[in-house]
Amino acid sequence: MTDLQANHSSTSQTEEDTVWTQDVSFIDSVPRSIAMTFVFVVFIGTWQLVTSFGLVSPIILPTPMETLNDMIFVGRNLISGGYMLGSLWITILEVIYGFALAIAIGFSLGVLVGETAFGEKAVMPYLVAIDTMPKVAFAPLFVAWLGFGIESKVALAAFIATFPIVVGTAAGLHAADENARMLFKTMGASRMQTLIKMKLPMGLPQIFTGLKIGAVGVMAGAITGEFLGGGKGFGELIRVAASQLNTPRVFSLILYLSLVGLALYLIVQWTQRKVVFWQKETVGSYDA
């Protein structure tokens with residue numbers, strides 16, 4: 001009996017020594033809502049201290065209260081259907097159309113690159129070369145080609161958001177397991193059947209990653225187009241406010257635009273959860 005107890009104790013000791021467990025630090029155990037609130041309070045407090053002690057000119061950096069008051073003014077103008085609502089709607093249309101165009105072009109090129117040797121060897125190097133170029137430099141070209149209307153802003157927004165979708169789609173098609181490829185080949189599946197029934201479903205997480213990156217970039221493209229190519233959207237309102245040194249108005253308009261960009265990102269994330277329901281996302285999620 002003693003030997004059995006000794007053996008059991010030895011086995012338990014061995015299991016405790018060999019089983020690896022990860023210690024969770026205190027900062028990692030804090031709920032997301034509390035962590036975000038803490039970061040927000042620290043940011044606003046630092047901002048208030050910088051402006052209160054006059055470390056930065058109020059012309060360059062307004063106080064948080066000035067920005068809040070201007071946000072209330074802009075919000076009232078939007079709710080009442082003022083001129084800012086029309087400008088915001090124009091920017092939203094530019095973002096939606098640009099993102100839809102980027103999805104169509106990016107997914108098509110991603111399939112070409114990820115599914116064919118020609119696309120990977122001949123097309124992808126040119127896409128990388130174009131993506132390394134400064135996107136802002138293309139804004140005057142789009143204006144010259146498409147005019148000062150919404151078309152040039154949509155083109156620039158799609159131009160910025162396309163490459164991440166291409167990379168995400170191509171990476172997703174390459175994510176298929178080799179055993180699954182061999183299984184479909186053994187069963188006599190055609191190339192199109194393998195693409196639709198195996199590669200695309202297995203590559204959806206990477207594809208949605210590219211879509212989320214594109215959703216973040218499409219707003220920057222639309223606003224950059226308005227800065228450099230005129231227009232009647234929020235970007236034009238920001239440009240006018242900056243020329244008048246109305247920095248509270250600039251900050252408040254930027255914050256409202258960030259809400260639009262966040263909404264687009266959350267829509268893509270929600271769609272990912274519904275489509276890729278088997279994957280638990282840990283990066284880029286906004287769960288509490």
Side-chain angles (χ1 to χ4, degrees), residues 88-114 119 123-147 149-174 200 203-231 233-236 238 254 256-273 275-276 281 283-286:
L88 179 61
W89 178 242
I90 291 175
T91 300
I92 291 176
L93 288 179
E94 294 169 354
V95 170
I96 294 175
Y97 293 157
F99 192 47
L101 183 60
I103 292 175
I105 298 175
F107 182 77
S108 301
L109 291 176
V111 172
L112 177 64
V113 171
V123 178
M124 190 62 181
Y126 288 103
L127 294 177
V128 174
I130 293 174
D131 189 65
T132 58
M133 299 177 183
K135 308 296 188 304
V136 179
F138 284 87
L141 293 177
F142 287 125
V143 173
W145 295 337
L146 302 175
I150 190 176
E151 293 83 2
S152 57
K153 287 73 176 176
V154 171
L156 185 59
F159 181 64
I160 292 178
T162 295
F163 187 75
I165 300 176
V166 173
V167 174
T169 303
L173 296 181
H174 282 293
L200 284 178
L204 282 175
Q206 289 86 347
I207 294 174
F208 271 100
T209 298
L211 289 175
K212 287 189 287 188
I213 298 175
V216 174
V218 69
M219 175 66 73
I223 298 302
T224 301
E226 292 181 358
F227 281 164
L228 302 178
F234 250 41
E236 178 65 14
I238 294 175
I254 290 175
Y256 275 104
L257 283 177
S258 68
L259 294 178
V260 176
L262 179 60
L264 180 61
Y265 181 92
L266 292 178
I267 290 173
V268 176
Q269 182 177 270
W270 178 84
T271 305
Q272 179 181 5
R273 289 176 178 172
V275 176
V276 196
E281 187 183 18
V283 179
S285 176
Y286 284 86

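Sequence positions, counted from 1, serve as the residue numbers for this chain. Quantities reported herein were computed from a predicted structural model and do not represent experimental measurements.
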> Which distance, rounded to the nearest 0.5 Å, do you find between the CD1 of Ile267 and the CG of Leu262?
Replying inline: 10.0 Å

> If you take all heavy atoms of Gly235 and Ile223, which pair is closest and at what distance?
Replying inline: N-CD1, 4.0 Å

>> I need the Tyr256 OH to Thr91 OG1 distance, nearest 0.5 Å.
In response: 14.5 Å

>> For Val260 and Leu88: C-alpha separation, side-chain torsions, deciding distance, then whether side-chain contact (heavy atoms from CB on, under 4.5 Å) applies.
In response: CA-CA 9 Å; Val260 176; Leu88 179 61; 4.0 Å; yes

> Which value, rounded to the nearest 0.5 Å, describes the distance between Glu151 atom CD and Tyr97 atom OH?
Replying inline: 10.5 Å

>> If you compare all heavy atoms of Val218 against all heavy atoms of Ala161, which two are closest, and at what distance to 0.1 Å?
In response: CB-CB, 4.0 Å

>> Could you go through Thr224 and Lys135, starting from their C-alpha distance and side-chain angles, then the distance that decides it, and tell me whether this counts as side-chain contact (heavy atoms from CB on, under 4.5 Å)?
In response: CA-CA 9 Å; Thr224 301; Lys135 308 296 188 304; over 6 Å; no

> Can you name the closest pair of heavy atoms from Ala155 and Leu146 and give their distance?
Replying inline: CB-CD1, 3.6 Å

>> Using side-chain heavy atoms (C-beta onward) and a distance below 4.5 Å, is Val128 in contact with Met124?
In response: yes

>> Would Ile103 and Phe99 count as a side-chain contact (heavy atoms from CB on, under 4.5 Å) here? Give the steps.
In response: CA-CA 6 Å; Ile103 292 175; Phe99 192 47; 3.7 Å; yes

> In Å, rounded to the nearest 0.5 Å, how long is the span from CZ of Phe227 to CD1 of Ile238?
Replying inline: 4.5 Å

> Of all heavy-atom pairs between Ile160 and Ala220, which one has the smallest distance, and what is that distance?
Replying inline: CD1-C, 4.4 Å

> Which atoms form the tightest heavy-atom contact between His174 and Val113, and what is the distance?
Replying inline: NE2-O, 4.4 Å

> Which atoms form the tightest heavy-atom contact between Ile165 and Gly210, and what is the distance?
Replying inline: CG1-O, 3.7 Å

> How are the rings of Phe138 and Phe142 set relative to one another: parallel (under 30°), tilted (30 to 60°) or perpendicular (over 60°)?
Replying inline: tilted

> Leu200 and Phe107: side-chain contact (heavy atoms from CB on, under 4.5 Å), yes or no, with the steps?
Replying inline: CA-CA 11 Å; Leu200 284 178; Phe107 182 77; 4.0 Å; yes

>> Do Phe208 and Thr271 have side chains that approach each other closer than 4.5 Å (heavy atoms only, starting at C-beta)?
In response: yes

>> Working to the nearest 0.5 angstrom, can you tell me the gap between Phe163 CZ and Asp131 CG?
In response: 4.5 Å

>> Can you tell me which residue among Thr162, Thr132, Val166, Leu112 is in a side-chain contact (heavy atoms from CB on, under 4.5 Å) with Leu127?
In response: Val166

> Roughly how far, to the nearest 0.5 Å, is the CE atom of Met219 from the CZ atom of Phe234?
Replying inline: 10.0 Å

